[in-house]
Amino acid sequence: MANQIRAALYTIVRNYRTWIALGLVALDRAYSAWRVTQGVTYGLQDSIFRDKALVLVFLFAGASVAVFDQRGGALRSACGAERGRLGYALSRFVAVAALTLGLLAVTAALDVAAGALVPGASVIAASPRMCVLERVVAGVLTYLVIAELAFAAGVVTRSHSAIATAGVVVVAYVALCLVALAVVPPGSPTPMGVTLSEALGFVLPLEGMSANVMFAPYAALMPLDPLRAFVVPLVWLVALLALVRGVMARRTV
């Protein structure tokens, strides 16, 4: 198992898509800093985790781990070794997690650097209450689910394109939102609509990107729901690992 993990981490470095993801993170932070020079400011609810472009980058990064193995001999080697399929699932999950944490660390470092170069460009400095420990942990868990979901989608679809795999995840999410809107049109707060909204909010592991504000007696962030912020993402991670393990157990290469 240790050898599988070392091999998985080594493949991250060899995978050119890793460096593309890193470049996209740098480009995203540079664009954010440029927008500040054009008059954009950050406030109470802003966070490096609440960035739609970064979500797409992490979807691409997670999918890239699966795609790299599709093109190499890693899958065939894993299926041929004793307990290799389980080792593959676990080691690649660790690799995706390491890649996610590394990219998030780079994102935070670039944000701080941007703030040093361009006054007001650091989201972290502008929104310290969004950077308390519980919100950072919740945000990291959310991004771990995003990256692992893309990896699992790559394993299931056997796609050779990280962009296509990320696109499958995005299309599935948009389709879910459209179905929800079709069932409950906007502006109709029926009991069914409220129930569906609460169910989706509970099931989707996106609490780490939420930032609700209460304005009385003064503007302040509402506390996170611990169940949605921590338990739901962990359940997703376990379920995704089980999915990848199940797919690998039945896979022919």
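Along the sequence shown, the residues carry numbers beginning at 1.
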Review point. Between Tyr143 and Phe58, what is the ring plane arrangement, given parallel below 30°, perpendicular above 60°, and tilted in between?
Key: perpendicular
Review point. Does Ser127 reach the main-chain N or O of Ile124 with its side chain, forming a donor-acceptor pair under 3.5 Å?
Key: no
Check your understanding: Rounded to the nearest 0.5 Å, how far apart are OG1 of Thr37 and CG of Leu117?
Key -> 12.5 Å
Study note, to complete from the structure: Per side-chain contact (heavy atoms from CB on, under 4.5 Å), Val65 is matched among Val155, Thr18, Leu99 by Leu99
Check your understanding: Looking only at heavy atoms, what is the nearest atom pair of Ala153 and Val169, with distance?
Key -> CB-CG2, 3.8 Å
Point to revise | Main-chain N/O of Val67 paired to Ser159 side chain as donor or acceptor, under 3.5 Å | key: no
Study note, to complete from the structure: Looking only at heavy atoms, the pair that brings Ser210 and Arg50 closest together is C-NE, 4.5 Å
Study note, to complete from the structure: Note: Val145 and Pro205 closest approach over all heavy atoms is CG1-CG, 3.5 Å
Review point. Checking Asp28 side chain against Ala53 main chain: does a donor-acceptor pair fall under 3.5 Å?
Key: no
Check your understanding: Roughly how far apart are Arg29 CZ and Ser122 OG, rounded to 0.5 Å?
Key -> 9.0 Å
Practice item. Using the side-chain contact (heavy atoms from CB on, under 4.5 Å) rule, take Asp46 and Met130 through it: C-alpha gap first, then chi angles, then the decisive distance, then the call. Key: CA-CA 7 Å; Asp46 291 303; Met130 286 294 290; over 6 Å; no
**Study point:** Shortest non-hydrogen contact from Ala147 toward Thr100
**Key:** CB-OG1, 3.2 Å
Review point. Quick one: CG on Leu204 to CG on Leu176, what's the gap to the nearest 0.5 Å?
Key: 6.0 Å
**Study point:** Exam field: side chain Glu148 to backbone Leu237, donor-acceptor pair closer than 3.5 Å
**Key:** no
Point to revise | Within 6.0 angstrom of Phe230 CZ, more than 12 heavy atoms from elsewhere | key: yes
Review point. Distance-only, no hydrogens or angles: does the Trp19 side chain make a donor-acceptor pair with backbone N or O of Val13 under 3.5 Å?
Key: yes
Check your understanding: What is the minimum heavy-atom distance between Ala126 and Tyr42, and which atoms define it?
Key -> CB-CB, 3.7 Å
Practice item. Please say whether more than 12 non-hydrogen atoms of neighbouring residues, nucleotides or ligands are located less than 6.0 Å from CD1 in Ile163. Key: no
Point to revise | Between CG on residue Leu22 and CG on residue Leu110, distance to nearest 0.5 Å | key: 8.0 Å
Check your understanding: Phe93 vs Phe151 aromatic rings, parallel, tilted or perpendicular, using cut-offs 30° and 60°?
Key -> perpendicular
Point to revise | Shortest non-hydrogen separation from Val136 to Cys131 and the atoms involved | key: CG2-O, 3.5 Å
